[in-house]
Amino acid sequence: GVFNAFVADDALTATVIAKTIRDTDKVSIGENEAIVSEETAVVDILDTLTTYTVKVIDSENENNVIEYTLNIRKQNG
């Protein structure tokens, strides 16, 4: 899936919170290490469109990974 978030034109960072449905699954934002259940990360806004990958890893089978795309766009970008 693809998620879009919008920030002010002068934003240099954004706080992203990713939470799994199952409390035992792991999640990671960008290049961060996967952690159980919920991750909060401050990410850099590099351009008018900055893209991060959010991964959810199945706690019962770590080879089962779902990737989501997070597009962070500046309001007037």
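Just so we're clear, the structure is a prediction, and the values are computed from it rather than from any experiment. Just so you know, residue 1 is the first one in the sequence shown, and it goes up from there.
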Practice problem: Measure from the side-chain N and O atoms of K74 to the backbone N and O of D9, and report whether any donor-acceptor pair falls under 3.5 Å. | Solution: yes
Exercise. Taking all non-hydrogen atoms of both residues into account, name the closest pair between S28 and A34 and its distance.
Key: CB-CA, 3.7 Å
Self-check item: From CD (Q75) to OG1 (T48), nearest 0.5 Å
Solution: 12.5 Å
Just list the side-chain donor-acceptor pairs under 3.5 Å for residues 63-71, sequence neighbours left out, or say none.
residue : atom : partner : partner atom : Å
N64     : ND2  : D58     : OD2          : 3.1
N71     : OD1  : T51     : OG1          : 3.0
N71     : ND2  : N4      : OD1          : 3.2

Quiz prompt | Gap between atom CD1 of I72 and atom CD1 of I45 - 0.5 Å precision | solution = 4.0 Å
Quiz item: For the side chain of T20 and the backbone of S37, is there at least one donor-acceptor N/O pair under 3.5 Å apart?
Solution: yes
Exercise. Sequence neighbours left out, what passes side-chain hydrogen bond (donor to acceptor under 3.5 Å, both in side chains) with N61? Give chain and number order.
Key: none
Self-check item: E62, CD atom: more than 12 neighbouring heavy atoms under 6.0 Å
Solution: no
Exercise. With rounding to the nearest 0.5 Å, note down the distance linking CD1 in I35 to OG1 in T40.
Key: 7.5 Å
Quiz item: Between E39 (side chain) and I29 (backbone), is there a donor-acceptor pair under 3.5 Å?
Solution: yes
Practice problem: Among residues two or more places apart or on two chains, list those pairs meeting ring pair (Phe, Tyr, Trp, His ring centres under 6.0 Å) that have a residue in residues 37-56. | Solution: none
Self-check item: I21 atom CD1: more than 12 heavy-atom contacts under 6.0 Å
Solution: no
Self-check item: Considering all heavy atoms, the nearest V43-V16 contact
Solution: CG2-CG2, 3.7 Å
Quiz prompt | Verify same cluster id: V36, V54 (apolar side-chain graph, 4.5 Å) | solution = no
Practice problem: Drop me the distance from K26's NZ to S59's OG, to the nearest 0.5 angstrom. | Solution: 9.0 Å
